[in-house]
**Student:** 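Submitted below is the structure of interest, expressed as structure tokens.
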Amino acid sequence: MDPIEHTARVDGVEYHFAWPADRTLLDALLDHAIPAYYSCMEGHCGTCQCTLTGGASTMDNNEVLSPYEIKHEDQTLACQTRRKDDGPYRVEFE
């Protein structure tokens with residue numbers, strides 16, 4: 001069975017990528033040479049903040065986003081996010 005293809009939109013350009021469950025969202029994007037925004041990779045700066053839809057996820061660390069942003073605006077930190085479902089997921093960097 002082929003892996004599920006997820007979608008990323010960065011600066012108006014759409015990309016497709018595989019996201020292994022054991023990788024963070026940012027790692028999966030970078031594995032596919034997708035130009036995602038990031039800086040610290042530790043959940044401190046918020047540079048990798050993005051909108052994620054398509055399934056449940058969890059963040060290893062979050063020192064930036066409020067509970068409201070996470071729950072009601074589908075915001076996450078790509079460097080800390082791991083998927084919990086199969087998806088397909090859609091991530092958007094604005």
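Please read these numbers as outputs of a predicted model, since none were measured by experiment.
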**Student:** Grab the two heavy atoms, one from Phe93 and one from Gln49, that are nearest each other, plus how far apart they are.
**Tutor:**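 Between these two residues, the closest heavy atoms are CD2-O, 3.9 Å.
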
**Student:** Measuring only between side-chain heavy atoms, which start at C-beta, is Trp19 closer than 4.5 Å to Val91?
**Tutor:** no

**Student:** One pair to check against side-chain contact (heavy atoms from CB on, under 4.5 Å): Leu65 and Lys71. What are the steps and the verdict?
**Tutor:** CA-CA 10 Å; Leu65 300 175; Lys71 184 174 183 178; over 6 Å; no

**Student:** Identify the heavy atoms of Asp85 and Ala56 that sit nearest to each other, and give their distance.
**Tutor:**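 It is OD2-N, 2.7 Å.
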
**Student:** Do the ring planes of His6 and Phe17 sit parallel (below 30°), tilted (30 to 60°) or perpendicular (above 60°)?
**Tutor:** tilted

**Student:** Establish whether Leu52 and Tyr68 are linked, either directly or via other cluster members, by ILVMFWY side-chain heavy-atom contacts under 4.5 Å.
**Tutor:**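 No, no single cluster joins them.
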
**Student:** Output the distance between atom CG (Asp60) and atom CD (Gln80), rounded to the nearest 0.5 Å.
**Tutor:** 5.5 Å

**Student:** Is the shortest heavy-atom distance from the side chain of Arg83 to the side chain of Tyr89 under 4.5 Å?
**Tutor:**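 Arg83 reaches Tyr89 side chain to side chain.
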
**Student:** Starting at OG1 of Thr51, measure out to CD of Glu69 and round the result to the nearest 0.5 Å.
**Tutor:** 10.0 Å

**Student:** Would you give the length of the straight line joining atom CD1 of Ile70 to atom CG of Leu77, rounded to the nearest 0.5 angstrom?
**Tutor:** 7.5 Å

**Student:** Could you walk me through whether Thr81 and Ser57 pass the side-chain hydrogen bond (donor to acceptor under 3.5 Å, both in side chains) test, one step at a time?
**Tutor:** CA-CA 7 Å; Thr81 300; Ser57 64; 5.2 Å; no

**Student:** Please check if Leu25 and Val13 belong to a single hydrophobic cluster, counting links between Ile, Leu, Val, Met, Phe, Trp and Tyr side chain heavy atoms closer than 4.5 Å.
**Tutor:** yes

**Student:** Please name the pair of heavy atoms, one in Ala18 and one in His32, separated by the smallest distance, quoted to 0.1 Å.
**Tutor:**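 Closest approach of Ala18 to His32: O-CE1, 3.3 Å.
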
**Student:** Supply the atom-to-atom distance Ile34 CD1 to His16 NE2, rounded to the nearest 0.5 angstrom.
**Tutor:**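 So the gap between those two atoms works out to 9.0 Å.
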
**Student:** For the residue pair Thr24 and Cys79, what are the closest heavy atoms and their distance?
**Tutor:**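 Closest pair (atom of Thr24, atom of Cys79, distance): CG2-O, 3.5 Å.
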
**Student:** Do you know which two heavy atoms are closest between Tyr37 and Thr47, and how far apart they sit?
**Tutor:** CB-O, 3.5 Å

**Student:** Looking at CG of Asp27 and CZ of Arg82, how far apart are the two atoms once the value is rounded to the nearest 0.5 Å?
**Tutor:** 7.5 Å

**Student:** Rounded to the nearest 0.5 Å, how far does NE2 of His44 lie from CD of Glu63?
**Tutor:** 4.5 Å

**Student:** Given the rule that I, L, V, M, F, W and Y join up when any side-chain heavy atoms are under 4.5 Å apart, are Leu29 and Tyr38 in one cluster?
**Tutor:** no

**Student:** If two hydrophobic side chains count as joined below 4.5 Å and joins carry through other members, does Val64 share a cluster with Met59?
**Tutor:**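 In one cluster with Val64: Met59, yes.
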
